[in-house]
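Step one of this worksheet: look at the structure below.
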Amino acid sequence: MELQSNRSLALFSVVVLVLAASCDAGGIAIYWGQNGGEGTLAETCATKNYDFVIIAFLPTFGNGQQPMINLAGHCDPSVGECTKLSTDIKSCQAEGIKVILSIGGGAGSYYLASADDARQVATYLWNNFLGGRSANRPLGDAVLDGIDFDIEGGTNLYWDVLAKSLSAYSSMRKKVYLTAAPQCPFPDAWIGNALKTGLFDYVWVQFYNNPPCQYSSSDISNLEAAWKQWTADIPVTKIFLGLPAAPAAAGSGFIPAGDLTSQVLPSIKTSSKDNENSVFVLSIFRAEATVHFVEKLVFGRGTVNKQNQHEMELQSNRPLALFSIVILVLAASCDAGGIAIYWGQNGGEGTLAETCATKNYDFVIIAFLPTFGNGQQPMINLAGHCDPSVGECTKLSTDIKSCQAEGIKVMLSIGGGAGSYYLASADDAKQVATYLWNNFLGGRSTNRPLGDAVLDGIDFDIEGGTNLYWDVLAKSLSAYSSMRKKVYLTAAPQCPFPDAWIGNALKTGLFDYVWVQFYNNPPCQYSSSDISNLEAAWKQWTADIPASKIFLGLPAAPAAAGSGFIPAGDLTSQVLPSIKTSSKYGGVMLWSKYYDDQTHYSSSIKSDV
């Protein structure tokens with residue numbers, strides 16, 4: 001990857017095809033920023049072809065240098081002109097597209113002089129491009145999704161410290177994604193030590209321009225040996241095969257599409273790391289070759305649109321080089337301790353926007369859709385907040401988007417303690433899923449109750465009806481997930497195990513977060529400083545439910561439930577230290593925002609969660 005200098009024009013883009021583990025749909029990511037003629041960032045995202053847009057590059061940083069971004073002809077950062085990109089970045093993210101900053105590049109001035117220097121660079125990146133604060137953010141107030149390590153110079157020291165320092169900023173609210181593109185000789189000369197940390201989400205190894213570890217004249221033995229070493233020795237679940245898409249795209253290492261599909265892929269896909277849903281990196285040089293190469297390799301989403309390919313032209317004393325890269329990757333997820341809150345059942349609890357503005361919550365669950373299924377007309381109920389029967393709740397769309405812009409996931413809870421809901425059959429469950437998709441998620445409807453905002457997922461608070469077909473509903477909703485927009489599934493079962501209503505649904509393993517209600521159930525809740533019943537139930541839930549994270553569901557005030565309230569001091573000194581030893585610990589769920597306003601419970605526990 002090359003960077004434009006003052007004397008040489010670089011036309012640059014990188015396309016990344018992403019195959020999701022949970023669905024058949026593919027996706028595309030693209031490097032953007034090294035040619036003013038490639039259109040704006042907003043136009044790039046508006047094509048709806050891309051799931052990741054990687055801004056290239058920050059080529060100057062470290063060793064006491066003033067960091068400087070270089071976006072070629074797009075804007076001049078020295079006069080603050082690149083802050084205009086903030087709106088474009090947010091518009092991309094509103095469409096579910098991840099926007100990442102690439103540091104380094106093939107030409108630049110970057111060097112980490114010490115561990116402290118690496119930590120200072122991490123602090124700079126956090127404050128100026130990620131979730132921190134700075135009076136002079138080069139790209140404005142937009143919060144990028146992560147950092148890409150394209151390290152091809154300087155020294156091999158302290159990149160591990162930089163990765164650790166950046167990863168430490170991840171939270172339930174906003175993960176800091178890390179990616180890397182090492183050369184195939186093992187270990188990589190520049191970031192080999194950093195890759196050992198296991199902190200990188202995507203690692204695509206460049207199997208070209210390196211004869212000892214690449215394909216050569218139908219001989220795949222060198223590549224196979226190197227692939228086995230990378231997949232065996234790098235602590236990540238996703239390793240990718242990087243290739244040029246045409247003979248002229250690299251000095252060596254091109255693999256004809258027929259050989260790739262008949263020899264190379266069948267060999268390397270036997271790797272156990274592929275069985276964990278790793279996919280392959282296809283580095284494609286020359287835009288024309290991109291189309292034909294991808295057409296020969298059928299991966300889910302179909303061919304790349306030639307009109308949306310951009311080339312990199314290196315105008316120097318050397319011959320013209322046209323460059324673009326296609327990469328197949330798999331999305332990753334990361335969770336840390338956080339707080340989820342239910343909102344919607346009391347008009348005195350403040351607006352949704354005000355709820356998110358407290359910055360106490362990582363999930364806000366809109367409660368409830370209590371009427372659905374069995375042929376009924378679905379109806380949302382938000383108590384005193386708005387009247388859905390006259391379309392008044394569409395005003396919440398702006399609030400939802402403002403919450404999501406802060407990295408807060410906004411869910412719709414279906415069911416509740418009082419309502420009329422019932423799934424009469426598997427087909428009925430599928431019809432409810434279709435309704436939820438079209439009216440609250442990424443589908444289309446002329447009468448969306450909450451307006452055009454796209455919620456992040458559906459929460460199952462099922463406390464009545466029957467225990468049938470909730471698993472079908474979960475599977476049907478999960479099938480709508482894509483790389484661009486995942487449909488999160490959450491649930492709020494009662495603490496007696498298994499849950500009487502959605503126990504079977506939880507066995508599907510499709511639920512991302514399960515906040516178990518450890519209240520109104522004396523056999524499995526806290527009582528007068530005795531945490532033994534709660535501990536026993538927590539261990540059973542975390543051991544037997546195949547969910548990503550389990551949350552401790554609690555009332556935010558004594559008046560919020562009949563029993564089970566835990567004083568904040570007891571929670572932080574006794575309960576949390578006990579349950580946080582579980583790898584499935586996700587945080588605390590509170591009922592509800594209204595009661596939290598009375599006790600400030602979330603503020604009291606936030607630093608310990």
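Because the structure is a prediction, the values reported are computed rather than measured. Residue indices begin at 1 and follow the sequence shown.
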Open item on the list: Using a strict threshold of under 4.0 Å (side-chain N to carboxylate O), is an ion pair present between Asp145 and Lys175?
Closed with: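 No, Lys175 and Asp145 are not salt-bridged.
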- [ ] Output yes when Asp544 and Lys507 qualify as a salt bridge under the 4.0 Å nitrogen-oxygen rule, no when they do not.
- [x]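 Result for this pair is no, no salt bridge flagged.
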Task: Criterion ring-ring contact (aromatic ring centres under 6.0 Å, His included) against Phe511, the qualifying member of Phe551, Tyr488, Trp470, Phe460 - done: Phe460
Open item on the list: Listing request: all ring-ring contact (aromatic ring centres under 6.0 Å, His included) pairs with a residue in residues 386-422, at least two apart in sequence or in separate chains.
Closed with: Phe372-Tyr421
TODO: On the 0 to 90° scale, with breaks at 30° and 60°, tag the Trp591-Tyr342 ring pair as parallel, tilted or perpendicular.
DONE: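 It falls in the tilted class, 30° to 60°.
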- [ ] Hey, can you tell me if Trp126 and Tyr169 have their rings parallel, tilted or perpendicular (30° and 60° cut-offs)?
- [x] parallel
Open item on the list: Is the distance from the ring center of Phe363 to that of Trp515 below 6.0 Å?
Closed with: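 Ring centres of Trp515 and Phe363 closer than 6.0 Å.
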TODO: Measure from the ring center of Tyr595 to the ring center of Phe565 and say whether it is less than 6.0 Å.
DONE: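 Not under 6.0 Å, so no.
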Open item on the list: Does any part of the side chain of Ser578, heavy atoms only, come nearer than 4.5 Å to the side chain of Trp538, both counted from C-beta?
Closed with: no
Strictly by modelled atom types, are [X] and [Y] linked by a side-chain donor-acceptor pair under 3.5 Å?
X: Glu349; Y: Ser592; answer: no
X: Ser602; Y: Asp596; answer: yes
X: Ser425; Y: Asp427; answer: no

Task: Heavy-atom neighbours of Lys606 NZ exceed 12 at 6.0 Å - done: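 Yes, NZ of Lys606 has more than 12 neighbouring heavy atoms, counting only those of other groups under 6.0 Å.
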